[in-house]
Asks: 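Okay, handing you the structure first.
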Amino acid sequence: DTEVTQTPKHLVMGMTNKKSLKCEQHMGHRAMYWYKQKAKKPPELMFVYSYEKLSINESVPSRFSPECPNSSLLNLHLHALQPEDSALYLCASSQANLAGGPYNSPLHFGNGTRLTVT
Amino acid sequence: AQKITQTQPGMFVQEKEAVTLDCTYDTSDQSYGLFWYKQPSSGEMIFLIYQGSYDEQNATEGRYSLNFQKARKSANLVISASQLGDSAMYFCAMRPNSGGSNYKLTFGKGTLLTVNP
């Protein structure tokens, strides 16, 4: 079983809807990440939170809005999405943070949310 | 900037045989880490193995081993005694050990491994 839990597993939404993706980890990790993955492509980094502060935004459109309410939770709020935003959205956490270590700390990923925008 | 190259879009292997998945990288960082992940069709990214740039020994984790050749900037994954459950997409990834905004995991394009019975 994965130690990073994402809900929902599947989400279908219209372009005018507002929805949220949720991610939870209880490993005491201080860095949390959102990735977007299109079919047969590698994951693309969207956001990084380090110690509950947004540290990296990879020029993501404002229709994606991240939120980190506490050290265990990470949300991704979705509004006015486009069909091309349909993808697998992966959450991850790690001990490693933007302070630079521990170096051998991998990212632990959740199972992802498969999002379809109609 | 870091770059990861996986030149094999797809690989086939017979069950119980060994297979090598290639990964080369390019970086100007002196200290960095290399990671391999497995992604089954279900979607979860599973961490397999880590190699630090200053580690003198090649990393091993069960049936997984990493053939690390620093001078050639390659970090190939070797899977011994392949099993049907090894069929998945495999990603090589790298992260510099310096902190700040560059402290990101960069993925290669992946190799789709199919294990035949």
Side-chain angles (χ1 to χ4, degrees), chain A residues 1-6 8-10 23 27 29-51 53-59 87-115, chain B residues 1-6 8-10 23 25 29-55 57 59 61 64 66 68 88-113:
Chain A
D1 287 340
T2 182
E3 296 169 333
V4 177
T5 304
Q6 288 188 245
K9 287 187 176 181
H10 300 274
C23 175
M27 294 179 282
H29 291 169
R30 302 315 298 267
M32 296 188 75
Y33 309 75
W34 280 115
Y35 281 84
K36 172 183 177 180
Q37 187 179 23
K38 303 285 273 186
K40 301 187 189 301
K41 298 287 188 183
E44 299 174 10
L45 181 65
M46 300 175 73
F47 303 104
V48 181
Y49 274 83
S50 183
Y51 291 91
K53 290 186 178 179
L54 182 62
S55 300
I56 295 177
N57 176 343
E58 292 285 276
S59 302
L88 178 68
Y89 288 83
L90 291 163
C91 173
S93 71
S94 71
Q95 280 185 304
N97 54 67
L98 270 69
Y103 299 144
N104 62 348
S105 170
L107 268 64
H108 296 258
F109 286 84
N111 287 334
T113 295
R114 291 194 185 275
L115 174 68
Chain B
Q2 304 89 41
K3 184 178 180 182
I4 298 281
T5 302
Q6 294 181 254
Q8 307 153 314
C23 173
Y25 61 90
D29 292 282
Q30 296 300 309
S31 180
Y32 50 88
L34 295 153
F35 302 79
W36 276 91
Y37 283 85
K38 170 185 178 182
Q39 188 176 38
S41 57
S42 58
E44 183 188 0
M45 295 282 284
I46 303 167
F47 166 67
L48 297 178
I49 196 167
Y50 164 85
Q51 179 82 43
S53 59
Y54 287 113
D55 293 342
Q57 302 271 354
E61 287 287 348
Y64 304 108
L66 208 151
F68 180 48
M89 182 72 87
Y90 288 80
F91 291 101
C92 179
M94 182 174 68
R95 182 178 65 201
N97 289 339
S98 56
S101 61
N102 288 329
Y103 196 61
K104 298 183 286 191
L105 199 61
T106 300
F107 287 90
K109 292 186 175 182
T111 295
L112 182 62
L113 176 66

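Chain identifiers are assigned alphabetically (A, B, ...) following the order of the sequence lines, protein sequences preceding nucleic acid strands; residue numbering begins at 1 within each chain.
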Asks: For the CD atom of A:Gln37 and the CE atom of B:Met45, what is their distance to the nearest 0.5 Å?
Replies: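 Answer rounded to 0.5 Å: 6.0 Å.
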Asks: Check the surroundings of atom NZ in A:Lys41: do more than 12 heavy atoms from other residues, nucleotides or ligands lie under 6.0 Å from it?
Replies: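 No, the 6.0 Å shell around NZ holds no more than 12 heavy atoms from other groups.
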Asks: Distance check, rounded to the nearest 0.5 Å: A:Asn104 atom CG versus B:Ile49 atom CD1?
Replies: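 Those atoms lie 12.5 Å apart.
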Asks: Can you tell me how far apart CG (A:Asn111) and CD1 (B:Ile46) are? Round to the nearest 0.5 Å.
Replies: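 One gets 8.5 Å once the value is rounded to the nearest 0.5 Å.
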Asks: Looking at every non-hydrogen atom in both residues, tell me the closest pair between B:Phe35 and A:Pro106 and how far apart they are.
Replies: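 In terms of heavy atoms, the two residues are closest at CE2-CA, 3.7 Å.
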Asks: Which bit of B:Gln39 comes within less than 4.5 Å of chain A, counting heavy atoms only: side chain, backbone, both or neither?
Replies: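 For B:Gln39, the side chain is the part near chain A, not the backbone.
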Asks: Does any heavy atom of chain A fall under 4.5 Å from the side chain of B:Ser53, the backbone, both, or neither of them?
Replies: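 For B:Ser53, there is no contact with chain A at all, as no heavy atom is under 4.5 Å.
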Asks: Between B:Arg95 and A:Leu107, is there a side-chain heavy-atom distance shorter than 4.5 Å?
Replies: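 Yes, close enough: below the 4.5 Å cut-off.
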Asks: Is chain A contacted by the side chain of B:Tyr37, its backbone, both, or neither, given a heavy-atom distance below 4.5 Å?
Replies: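 When you check distances to chain A, only side chain atoms of B:Tyr37 fall under 4.5 Å.
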Asks: Grab the two heavy atoms, one from A:Pro42 and one from B:Gly108, that are nearest each other, plus how far apart they are.
Replies: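 Heavy atoms of A:Pro42 and B:Gly108 come nearest at CB-O, 3.1 Å.
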